[in-house]
Amino acid sequence: MSYEASKIRLVMELRRQGITDQRVLGALERVPRELFVPEALRSEAYDNIPLPISQGQTISQPFIVAYMTQELQVGERSRVLEVGTGSGYQAAVLARLCRRVCTIERYRSLLAEAEARFRELNLHNITTRLGDGGKGWPELAPFERIMVTAAAEEVPLTLVEQLAEGGVMVLPIGGPGVQTLYRITRGPDGVAQEALLDVRFVPLVDGLPRGRD
Ligand code: SAH
């Protein structure tokens, strides 16, 4: 099956799974997932499954990308912080929906590959940084939206502090195995927390990897 045909099939499946936001579905249609997966796995690019990328990391299942994007409620004017660039796929989807995406990755090699994809796709509204995303990006804070695509054991307070008032953060919380996806909203009277879904993510790891990557 061609990429186009399998992409249409995937979008129909996402609709059945409850992705109703037309802007989100449109963004997934416009980002070529085959460019974000290892070449040997390109025939599976539009299967609704996570796939391995290098450094033992994963590109999330399309349903999870769509769901997290939908629940983040991004607006055209939003500035979004993403923690865990990985392949760059989620950042590319967000970049189609908002003003600017600031994305942080701790592996230099993954970040370089993602940056090359952003250039190839002319996605000029993505700013990247090599670093520990658990510390956020204080120079650019506050963010209207924050999405974390690696699982922390507890909500990182540094990230909550970098959320603008009225801001929304979507992130998986929990230990190895199954975690819970939460939506955190920062209102005038404090922070509200809502459990959304059981998910499986690679862990959020402190600091930078040792040696070359
Ligand atoms: N959003 C990615 C999915 C990435 S998997 C995509 O669309 O492909 C999670 C990523 O988070 C991995 O690349 C991992 O290296 C990264 N990561 C884990 N802990 C991190 C941290 N503290 N800071 C930045 N990136 C981190």
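Counting convention: from 1, in listed order, for ligands and their atoms alike. Keep in mind that the numbers below use all heavy atoms, side chains included, and drop hydrogens, waters and symmetry copies.
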Hey, is R117 close enough to E120 for a salt bridge, meaning N to O under 4.0 Å?
-> no
Atom 22 (N) of ligand 1 - nearest protein heavy atom and its distance = V205 O, 2.6 Å
L123 and A92: which non-hydrogen atoms are nearest, and at how many Å?
-> CD1-CB, 3.6 Å
Considering heavy atoms of the protein only, find what lies nearest to atom 7 (O) of ligand 1 and give residue, atom and distance to 0.1 Å.
-> Q90 N, 3.0 Å
Any idea which part of A91 is under 4.0 Å from ligand 1, heavy-atom wise: side chain, backbone, both or neither?
-> neither
Give a yes/no on ligand 1: does T85 have at least one heavy atom closer than 4.0 angstrom to it?
-> yes
Quick one: look at E82 and ligand 1, take heavy-atom pairs under 4.0 Å, and tell me if it's side chain, backbone, both or neither.
-> side chain
In the protein, what heavy atom is nearest to atom 23 (N) of ligand 1, and what distance, to one decimal place, separates them?
-> G133 N, 2.7 Å
Stepwise side-chain contact (heavy atoms from CB on, under 4.5 Å) check, L140 with L81 | CA-CA 9 Å; L140 300 182; L81 172 67; over 6 Å; no
What's the shortest distance from atom 18 (C) of ligand 1 to any protein heavy atom, and which residue and atom give it?
-> P203 O, 3.6 Å
Strictly under 4.0 Å, does any heavy atom of A114 approach an atom of ligand 1?
-> no
What are the two closest non-hydrogen atoms of Q70 and G18, and how far apart are they?
-> NE2-O, 3.5 Å
So which heavy atom in the protein is nearest atom 5 (S) of ligand 1, and how far is it from that ligand atom?
-> T58 O, 3.1 Å
So F36 and Y89, would you call those rings parallel, tilted or perpendicular, with 30° and 60° as cut-offs?
-> perpendicular
So is there a nitrogen or oxygen of G84 less than 3.5 Å from a nitrogen or oxygen in ligand 1?
-> yes
Looking only at protein heavy atoms, what sits closest to atom 16 (C) of ligand 1 is E105 OE1, 3.4 Å
Would you say the side chains of Q90 and T149 form a donor-acceptor pair under 3.5 Å?
-> no
protein heavy-atom neighbour closest to atom 9 (C) of ligand 1 works out as T149 O, 3.3 Å
Look at atom 20 (C) of ligand 1 and say which protein heavy atom is nearest, naming residue and atom and giving the distance to 0.1 Å.
-> R106 CD, 3.3 Å
Does the pair E71/R183 count as a salt bridge with the N-to-O cut at 4.0 Å?
-> yes
Measure from NZ or CZ of R33 to the centre of the six-membered ring of Y46 and say whether it is under 6.0 Å with the direction within 45° of the ring axis.
-> no
Could you pull out the closest heavy-atom pair between G86 and A114, with the gap in Å?
-> O-CB, 3.9 Å
